[in-house]
*Asks:* 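What follows is a single structure, and I will ask about it in a moment.
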Amino acid sequence: MFSGEIMGSQSGLKVPVSPVAYAVSFALTGHYAPAALAQTPSADLDAVIVTARKREETLLDIPQEIQTISQEQLQRANLKSVEDFSRFVPSLTVNGTAPGRSGIYFRGVADDSSSFIADSSAAIYLDEQPLTQSALQPEIRLVDIERIEALPGPQGTLYGSSSQSGTLRYITNKPDPSGYYSDIRVDGHSVDQGDEGYEVSGVLNLPAGDNTAIRLVGFSARDAGFIDNVLGESLGGTFDNADVLAKDVNHVEYIGGRAALRWLAGDNWTVDAGIVHQQMDANTYAEDNIERTGRKYTNVRFLDERREDEWTQFALTLQGDLGWGQFTSASSYFTRDISYFQDNTDYTFYLSNAFGPNYVNYDLGPDPRGIGWDDRDRADRYAQEFRLQGETEKSTWIAGLFYEKLDGGFNFLTRVEDYESTPSFQFWNTNYGVEPGTTDNAFYNSNNDQQTEQFAVFGEVSYSPSEDWTLTAGLRWFDHTRTRKYFIESPNGFVTANLPTAKETTSDITKKLSVQYNFSENAMVYALFSDGFRAGGRNVVRPGTVLPPDYEPDFLDNYELGFKSRWAGGRYTLNLTAFRMEWKDYQIEVVDPGPLYAVLVANVGDAEIDGMSLDFTAYLWDSVDFGLNLQLLDGETKADSPQLGLAPGARLPFSADEKGSVWIEYTHPQEIAGGNFYARYQWSYMGNSLNGLPGVELDGSITPANLQPSYQIADAKIGLATDDWDVYVYVDNLTNERAVLFDQQSVPAGNITVNWPRTWGLGFSKSWGGN
């Protein structure tokens, strides 16, 4: 389904097929129609064209594991977010605590769930631009996306920092000057024990002469809520939340769009310019807490919460033929602003009662009510890449320059109701002269500003001494500088830690080497070595911290063997991959075991991950398509740090030993009511995993990680489609499985991020013109 052989827009038909058969089959499976295959059993099913190596190739050309999802597959499988499609990409894991606040991992290369300093081990790209943010990966709505490419394993040669364990690429549809096209889609859904949601989207492709086109995309969506804020008392028992009770409080609303321009500037040059904008508004009541309430899909909050996330990307890409090679210039700018309010009442109670008796600064009263908020979580990112690439009779090559500058930061505050009446404020007033009326009832404010600059030079050469053999070698030199300034006001307005600016530069080289042998044009084996990195840096530290102020780069060495094949003209595909990854001196974000509470990044040791993956698809009969994929992992740390609770042989977090999916699709070959009937069933499985590494508490004790149980989710869909319209009904999560996506290990315990309950939906789409 989502890897192996799928048809791409640049592939050509080897045999004639009817437009209806082609459209229905492409939407269903990404292959040619089974009916067409029955009529022309010698049909040659070409593979999708991908750009994983920054040039157009088929999957069988590339000696590395790649999984792809086409736009048609996203629509047919009702996949609307990274959390949705990660179920069908075995190498990809997603965990998050709120919409727009999640991390992604490939092949189990995960450190911690709540990192806000340490770099992500996996990268996200929107077309040519990296958008990666630690634990804050942008949530890209899947509207008018040409395809998604998941590249597991280190991609450091071509993609650089934060592509240590893999890269996730979103490729948008580009304007097409060859003809008019428009599309509208309407989808509505209702959630068991929840409310209703919808998505409306439209696409308009307008040629403006023979060489220019404009593409406009817009959408509005509401994801239904299903978590209720129910009546409950504070942990101290002196007040309740009766004034903020509400049902289905975790709904999320999206609005956004894209405007793109393509100009064919002569026979050999193309200019693409575009702007993408997306806005998300959500309550952050995203957790289920049975331990607190006694029933599922409920929680207790004492204050209203919200989360707003708005981002915009501007991009300009110039591509041209120089005669002896192809030139590409990709310029992009991304800006993002996040603000949120979260109820901290339970956590404030924990601080006050656990530490207030010994540390008066934390004495916030016997039963405090508190809220935390961030009014300036921002990111501004500029990236520029220049590439040259070409080919000879026996070789292909690519060389490039890359520059990136990222400015980001946050301003987080914790407010306590009537703070200036607490023993904590009286301490600051008596001993340090903090005046009443100056704190805005905020007992804590942390401000972080960080700037990153990165330069890189990269190149890759593939040489084929014969038709059967190909050797590939690549290098990337990088220079990465990170500057971070951090201060703390406790209480707000009174600086208690104004830490000196921390600056650190890392320079190194990443490498790639592969050998590929083609048994035929339809089967190959390969061996690959590649490595990826995350840059080092310097913590801003307080006096008395135990861990060192500097942390070094960590590297991931990947050893991979693979087999790719397609049989009977593409009727069957089989891909197998085996890998070992050695994670050297890996970074994690930890609480310093010293006397003061400080979050630092530290190198803690090595880890090893062994695994294998399988992908199989088959046309079992003329109208039935079947597929399955699977990944098996065995990942463990070699770190030995008793003060951090780490011991050799411990399991890495978020790395399920087994993850996979199965799907089967049927398309009726004859028309019914003017369309072709189709039916689809899909099932996915996630094995159990740990929710993080052990944690150090404020009192120095070690809290072990929690085991997140395995789960399985099944969906079904039926519809009637032609080449220009589709009407359908579906049921997601047929068995109403309550899957623990992330056990937050919060204070107090019990907050769990869960999947949607059983969801019923129906939808309609209609298109006019070409593709």
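These numbers come from a predicted model, not from an experiment.
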*Asks:* If only atom types and distance count, is the side chain of N691 paired as donor or acceptor with the main-chain N or O of F742 below 3.5 Å?
*Replies:*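 No.
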
*Asks:* Quick check against the 3.5 Å criterion: does E149 have a side-chain atom that pairs as donor or acceptor with the backbone of T51?
*Replies:*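 Pair found, side chain donor or acceptor close to backbone of T51.
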
*Asks:* Can D449 and R378 be counted as an ion pair, charged N to O under 4.0 angstrom?
*Replies:*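 Yes.
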
*Asks:* Can you see whether Y486 has R484 sitting over its ring - NZ or CZ less than 6.0 Å from the centre and within 45° of the normal?
*Replies:*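 Ring-cation test returns yes.
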
*Asks:* Can a donor-acceptor pair be found between the side chains of Q164 and S121 at a distance below 3.5 Å?
*Replies:*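 Per modelled atom types, Q164 and S121 side chains form no pair under 3.5 Å.
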
*Asks:* Would you check if the distance from the ring center of F494 to the ring center of Y432 is below 6.0 Å?
*Replies:*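 So the answer is yes for these two rings.
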
*Asks:* Under 3.5 Å, side chain of T430 to main-chain N/O of Q426, donor-acceptor pair present?
*Replies:*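 Judged by distance alone, yes, a pair lies under 3.5 Å.
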
*Asks:* Hey, are the side chains of D119 and R482 touching, using non-hydrogen atoms and a 4.5 Å cut-off?
*Replies:*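 A side-chain contact under 4.5 Å exists here.
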
*Asks:* Is the side chain of D127 donor-acceptor paired with the backbone N or O of T172 at a distance under 3.5 Å, no angle test?
*Replies:*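 Confirmed, D127 side chain pairs with T172 backbone.
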
*Asks:* State whether Y586 and K638 meet the cation-pi test: NZ (Lys) or CZ (Arg) under 6.0 Å from the six-membered ring centroid, and within 45° of the perpendicular axis.
*Replies:*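 Geometry flag: not set, cation outside 6.0 Å or 45°.
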
*Asks:* Quick one: does any side-chain atom of R387 pair with a main-chain N or O of L401 as donor and acceptor, under 3.5 Å?
*Replies:*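 Between the backbone of L401 and the side chain of R387 there is no qualifying donor-acceptor contact (under 3.5 Å).
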
*Asks:* Do S331 and S329 come within less than 4.5 Å of each other through their side chains, counting heavy atoms only?
*Replies:*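 With C-beta onward as the side chain, the pair touches.
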
*Asks:* Do Y340 and E305 have side-chain N/O donor and acceptor atoms under 3.5 Å apart?
*Replies:*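 No donor-acceptor contact under 3.5 Å links the two side chains.
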
*Asks:* Under the salt bridge (charged side-chain N to carboxylate O under 4.0 Å, His left out) rule, collect the residues that match up with D557, sequence neighbours excluded.
*Replies:*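 Testing D557 for salt bridge (charged side-chain N to carboxylate O under 4.0 Å, His left out), a comparison that skips the adjacent residues, returns K584.
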
*Asks:* Please report the C-alpha distance between Q137 and S120 in whole Å, then the side-chain angles of each, then the deciding distance to 0.1 Å, and finally whether the side chain to side chain donor-acceptor pair (under 3.5 Å) criterion is met.
*Replies:* CA-CA 9 Å; Q137 305 289 19; S120 171; 3.3 Å; yes

*Asks:* Does a donor on one side chain and an acceptor on the other come within less than 3.5 Å for T312 and H277?
*Replies:*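 The criterion, which ignores hydrogens and geometry beyond distance, is satisfied for H277 and T312.
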
*Asks:* Just so I know, are the side chains of K405 and R381 near enough to count as touching, which here means a heavy-atom distance under 4.5 Å?
*Replies:*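 No. Closest side-chain heavy atoms not under 4.5 Å.
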
*Asks:* Does a donor on one side chain and an acceptor on the other come within less than 3.5 Å for S102 and E83?
*Replies:*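 No, E83 and S102 have no side-chain donor paired with an acceptor closer than 3.5 Å.
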
*Asks:* Are any of the side-chain heavy atoms of F443 and L351 separated by less than 4.5 Å?
*Replies:*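 F443 vs L351: side chains touch.
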
*Asks:* Compare every heavy atom of T132 with every heavy atom of I124, then report the nearest pair and how far apart it is.
*Replies:*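 So the minimum-distance heavy-atom pair works out to N-OG1, 3.0 Å.
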
*Asks:* Looking at R415 and D440, does any basic side-chain N land under 4.0 Å from a carboxylate oxygen?
*Replies:*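 Result for this pair is yes, salt bridge flagged.
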
